[in-house]
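We count residues from 1, following the sequence as given. The structure displayed is predicted, hence computed values, not measured ones. As a basis for the values below, the full set of heavy atoms in this structure was taken, side chains included, without hydrogen atoms, waters or symmetry mates.
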Amino acid sequence: MRIDETDQRIVALLIEDARSSYAEIGAAVSLSAPAGRRRVDRLRAAGVIRGYTAIVDPAAVGWSTEAFVELFCVGRTSPSRIGQAAARHPEVVAAYTVSGEADALVHLRAADIGHLEQALERLRAEPFVSSTRSTIVLSRLAEVEGTVSRLSPSKLT
């Protein structure tokens, strides 16, 4: 699918506020509400927009402790196996394959240090994990919200 400037602006608007109405989207990109909806539907059908989500403050729900954990795996553990295992742990926010010494990097969130320790122990118990190295987050300095990019409508006009 070819994405034109109007599609890019629509994506940027939805990143900024996924609850925007079709009328608001259309007005922002000089289209009618039905034309804006058709564009959004086309972007969803093509997989450009994969869904909508609420961004929840982890501290507000009691999960204010977080860490990044490097996983070192035995043999040639596939990325899909690591991803499937990571998805089984509710404390896992994200998991990535990485370059360097580690095989993967896992972002964890937990209620407190005790909960984090339990999550780490369960992660370490995965049969392919030979060792881990953890870094606990002390404070967040910056966080970029949005799915794939930092597009903003003002940057595209």
Side-chain angles (χ1 to χ4, degrees), residues 1-71 73 76-100 102-111 115-116 119-120 122-123 126 128-129 134-157:
M1 172 183 175
R2 181 164 157 52
I3 297 179
D4 63 17
E5 184 179 328
T6 301
D7 291 332
Q8 290 175 345
R9 291 180 64 208
I10 289 170
V11 169
L13 288 163
L14 289 171
I15 287 171
E16 193 172 295
D17 182 3
R19 294 181 64 165
S20 297
S21 70
Y22 294 119
E24 292 168 330
I25 292 167
V29 297
S30 301
L31 294 174
S32 67
R37 180 182 179 150
R38 283 191 297 274
R39 289 278 189 134
V40 170
D41 289 346
R42 187 172 53 87
L43 290 165
R44 288 192 71 194
V48 174
I49 298 171
R50 296 185 310 183
Y52 304 93
T53 187
I55 299 171
V56 177
D57 178 2
V61 293
W63 287 44
S64 58
T65 302
E66 62 187 313
F68 289 90
V69 181
E70 292 178 287
L71 294 183
C73 303
R76 293 181 166 211
T77 305
S78 71
S80 64
R81 185 170 181 204
I82 295 169
Q84 289 167 356
R88 289 193 295 266
H89 300 274
E91 298 84 2
V92 172
V93 175
Y96 312 93
T97 55
V98 294
S99 63
D103 295 294
L105 182 67
V106 177
H107 182 191
L108 295 175
R109 283 204 177 116
H115 182 194
L116 181 62
L120 281 169
R122 281 188 275 110
L123 198 55
E126 292 290 344
F128 59 84
V129 175
S134 303
T135 302
I136 295 174
V137 174
L138 299 177
S139 63
R140 291 172 164 260
L141 302 177
E143 184 170 356
V144 177
E145 296 189 3
T147 54
V148 176
S149 66
R150 297 176 67 177
L151 294 174
S152 71
S154 61
K155 291 180 182 175
L156 295 174
T157 55

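Looking at heavy atoms from C-beta onward, L13 lies in side-chain contact with V29 at the 4.5 angstrom threshold. Looking at Y22 and D41, their side chains come closer than 4.5 Å, going by heavy atoms from C-beta outward. Between L43 and V11, the closest side-chain pair of non-hydrogen atoms falls below 4.5 Å. Looking at heavy atoms from C-beta onward, H89 lies in side-chain contact with L123 at the 4.5 angstrom threshold. You'll find the side chain of W63 reaches within 4.5 Å of the side chain of E91, heavy atoms only.
Closest heavy-atom contact between C73 and D103: N-OD2, 2.6 Å. Here the closest non-hydrogen pair linking A110 and L116 is CB-N, 3.5 Å. Nearest heavy-atom pair across A95 and A86 is CB-CB, 3.8 Å. The shortest heavy-atom contact between P90 and R88 is CD-O, 3.6 Å.
Using a 4.0 Å cut-off between charged side-chain N and carboxylate O, R39 and D4 make a salt bridge.
Aromatic ring orientation, H107 versus F68: parallel (interplanar angle below 30°, classes split at 30° and 60°).
When each of I10, I3, D7 is checked for a side chain to side chain contact (heavy atoms under 4.5 Å, CB included) with V48, only I3 meets the rule. When T65, I136, V69 are each tested for a side chain to side chain contact (heavy atoms under 4.5 Å, CB included) with L108, only one passes: V69.
Applying the 6.0 Å contact sphere to CZ of R140 captures more than 12 heavy atoms from other residues, nucleotides or ligands. In the displayed structure, R37 atom CZ is contacted under 6.0 Å by at most 12 heavy atoms of other residues, nucleotides or ligands.
Residue S134 holds its OG atom at 9.0 Å from CG of L71, rounded to the nearest 0.5 Å. The CD1 atom of I49 sits 5.0 Å away from atom CG of L14, with the distance rounded to the nearest 0.5 Å. Rounding to the nearest 0.5 angstrom, the gap separating the CD1 atom in I15 from the OG atom in S20 is 11.5 Å.
R109 places no side-chain N or O within donor-acceptor distance of the main-chain N or O of V93, the cut-off being under 3.5 Å.
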Verdict with supporting geometry, M1 and R42, side-chain contact (heavy atoms from CB on, under 4.5 Å): CA-CA 9 Å; M1 172 183 175; R42 187 172 53 87; 2.7 Å; yes
